[in-house]
Amino acid sequence: MIWLNKTFDELTSDELYELLNLRSEVFVVEQDCIYNDMDGFDKDAIHVLGFDKTHLAAYARILPPGTRYKNISIGRVVVDPKSRGKSLGKQLMKQSIELVKTTWGKLPVNISAQLHLEKFYADLGFRTVSDIYLEDGIPHLKMEYSFR
């Protein structure tokens, strides 16, 4: 895997197309959820891209403090369906957490996690900090990561 971290302005047009296509394929089509993926936050984000050779296999975006939450947030976490089963989700989150630490220090990180992924994120060190709520018709939990 080749991991790249890029601001919006650093993304090539091909990379932008690939990440938007992957997000649409999974969050809109696979999860059968009609919502506006382009929510105005991509220009503020650091984009974490994981390439398996030339194929975008994993992606997440990191938003600075005060953008979506008071704290830093990691979102749009996605692994290409053709690349699942290789622990890329864990690798992606570890890359993202390390990037948070090197960019902002040990500030808390928030995520809006789909309920069925609570254990996945808990195993990475996140703790649940909210009751279940619906986001785009899907049950979610707010979770927080605190550096030790």
Side-chain angles (χ1 to χ4, degrees), residues 1-8 10-11 15-16 18-52 56-148:
M1 289 293 293
I2 298 167
W3 294 97
L4 302 175
N5 306 318
K6 294 189 172 194
T7 65
F8 185 82
E10 293 170 332
L11 292 168
E15 290 166 341
L16 180 60
E18 285 188 62
L19 75 86
L20 292 173
N21 185 59
L22 177 58
R23 287 174 12 186
S24 178
E25 178 184 347
V26 173
F27 298 134
V28 178
V29 177
E30 180 183 290
Q31 296 180 0
D32 193 24
C33 183
I34 298 171
Y35 80 110
N36 187 7
D37 177 52
M38 290 182 277
D39 57 4
F41 292 122
D42 287 318
K43 289 183 178 183
D44 299 319
I46 296 177
H47 302 269
V48 181
L49 303 107
F51 287 92
D52 184 1
L56 181 63
Y59 168 84
R61 72 176 183 189
I62 303 171
L63 299 176
T67 308
R68 180 164 182 205
Y69 297 111
K70 180 181 90 175
N71 297 325
I72 297 162
S73 67
I74 300 172
R76 300 296 197 264
V77 177
V78 61
V79 173
D80 187 308
K82 296 179 287 295
S83 298
R84 292 182 184 156
K86 302 175 185 176
S87 297
L88 293 182
K90 284 189 179 184
Q91 290 177 45
L92 173 63
M93 287 304 295
K94 288 178 180 179
Q95 289 282 331
S96 299
I97 291 167
E98 185 60 30
L99 180 59
V100 165
K101 186 171 134 184
T102 59
T103 304
W104 290 282
K106 295 183 175 184
L107 295 178
V109 179
N110 289 121
I111 60 172
S112 181
Q114 291 185 9
L115 179 60
H116 74 278
L117 294 170
E118 182 178 18
K119 181 178 178 344
F120 169 79
Y121 289 112
D123 288 347
L124 289 163
F126 286 85
R127 64 183 175 83
T128 302
V129 294
S130 78
D131 292 329
I132 298 169
Y133 58 90
L134 289 180
E135 186 174 308
D136 301 313
I138 299 171
H140 280 70
L141 294 163
K142 184 176 179 183
M143 298 183 79
E144 187 168 290
Y145 182 91
S146 298
F147 291 91
R148 291 165 177 62

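- Side chain of Glu118 to backbone of Leu115: no donor-acceptor contact under 3.5 angstrom is found.
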Cut-off 3.5 Å, no hydrogens considered: what does the side-chain donor-acceptor table look like for residues 73-84, sequence neighbours left out?
| from | atom 1 | to | atom 2 | distance (Å) |
| --- | --- | --- | --- | --- |
| Arg76 | NE | Asp37 | OD1 | 2.7 |
| Arg76 | NH2 | Asp37 | O | 2.8 |
| Arg76 | NH2 | Asp39 | OD2 | 3.1 |
| Asp80 | OD1 | Lys82 | N | 2.7 |
| Asp80 | OD1 | Lys82 | NZ | 3.4 |
| Asp80 | OD2 | His55 | NE2 | 3.2 |
| Arg84 | NE | Val79 | O | 3.3 |
| Arg84 | NH1 | Glu30 | OE1 | 3.2 |
| Arg84 | NH1 | Glu30 | OE2 | 3.2 |
| Arg84 | NH2 | Glu30 | OE1 | 3.4 |
| Arg84 | NH2 | Glu30 | OE2 | 3.1 |
| Arg84 | NH2 | Val79 | O | 3.4 |

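- For Pro108 against Asn71, the heavy-atom pair with the smallest separation is O-CB, 3.4 Å.
- For residues 87-96, no residue pair satisfies the side chain to side chain donor-acceptor pair (under 3.5 Å) rule, not counting sequence neighbours.
- In this structure, the separation between CD1 on Ile111 and OG1 on Thr128 is 8.5 Å, given to the nearest 0.5 Å.
- The neighbour count for Asp131 CG, taken as heavy atoms of other residues, nucleotides or ligands under 6.0 Å away, does not exceed 12.
- Proximity of His140 to Ile132: side-chain heavy atoms (C-beta onward) are nowhere separated by under 4.5 Å.
- Residue Leu99 holds its CG atom at 4.5 Å from CG of Asn5, rounded to the nearest 0.5 Å.
- Nearest heavy-atom pair, Thr67 versus Pro64, reported as atom, atom and distance to 0.1 Å: OG1-O, 2.8 Å.
- Within the structure, every pair that satisfies the ring-ring contact (aromatic ring centres under 6.0 Å, His included) test and touches residues 58-90, not counting sequence neighbours, is listed here: His47-Tyr59.
- Tyr121 meets the ring-ring contact (aromatic ring centres under 6.0 Å, His included) test with Phe126; sequence neighbours excluded.
- In this structure, Leu63 and Ile72 have side chains that are not in contact, with every pair of non-hydrogen atoms separated by 4.5 Å or more.
- Note that CD1 of Ile97 is 12.0 Å distant from OG1 of Thr102, once rounded to the nearest 0.5 Å.
- When all heavy atoms are compared, the tightest approach of Trp104 to Pro65 is NE1-CD, 3.7 Å.
- Not counting sequence neighbours, Tyr35 has no partner by the ring-ring contact (aromatic ring centres under 6.0 Å, His included) test.
- Contact of the Cys33 side chain with the Ile138 side chain is registered, since non-hydrogen atoms from C-beta on lie closer than 4.5 Å.
- Side-chain contact, Glu135 with Gln114: no donor N or O sits under 3.5 Å from an acceptor N or O.
- Expressed to the nearest 0.5 Å, how far CG of Leu49 lies from CG of Leu11 amounts to 6.0 Å.
- Counting heavy atoms of neighbouring residues, nucleotides and ligands inside a 6.0 Å radius, atom CG of Leu134 exceeds 12 of them.
- Looking at every heavy atom in both residues, Tyr133 comes nearest to Ser112 through OH-OG, 2.6 Å.
- Under the side chain to side chain donor-acceptor pair (under 3.5 Å) criterion, Lys6 pairs with Glu15, not counting sequence neighbours.
- Within the model, atoms CG of Asp44 and CD1 of Ile62 stand 13.5 Å from one another, a figure rounded to the nearest 0.5 Å.
- Trp3 approaches Leu88 most closely through the heavy-atom pair CH2-O, 4.3 Å.
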Legend entry - Worked verdict on Leu4 versus Glu10 for side-chain contact (heavy atoms from CB on, under 4.5 Å): CA-CA 11 Å; Leu4 302 175; Glu10 293 170 332; over 6 Å; no
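- Between atom CZ of residue Arg61 and atom CG of residue Asp42 there is a gap of 4.5 Å, rounded to the nearest 0.5 Å.
- When Lys142, Glu144, Met143 are each tested for a side-chain contact (heavy atoms from CB on, under 4.5 Å) with Ser130, only one passes: Lys142.
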Legend entry - Test log, rule side-chain contact (heavy atoms from CB on, under 4.5 Å), inputs Phe147 and Lys101: CA-CA 8 Å; Phe147 291 91; Lys101 186 171 134 184; 3.8 Å; yes
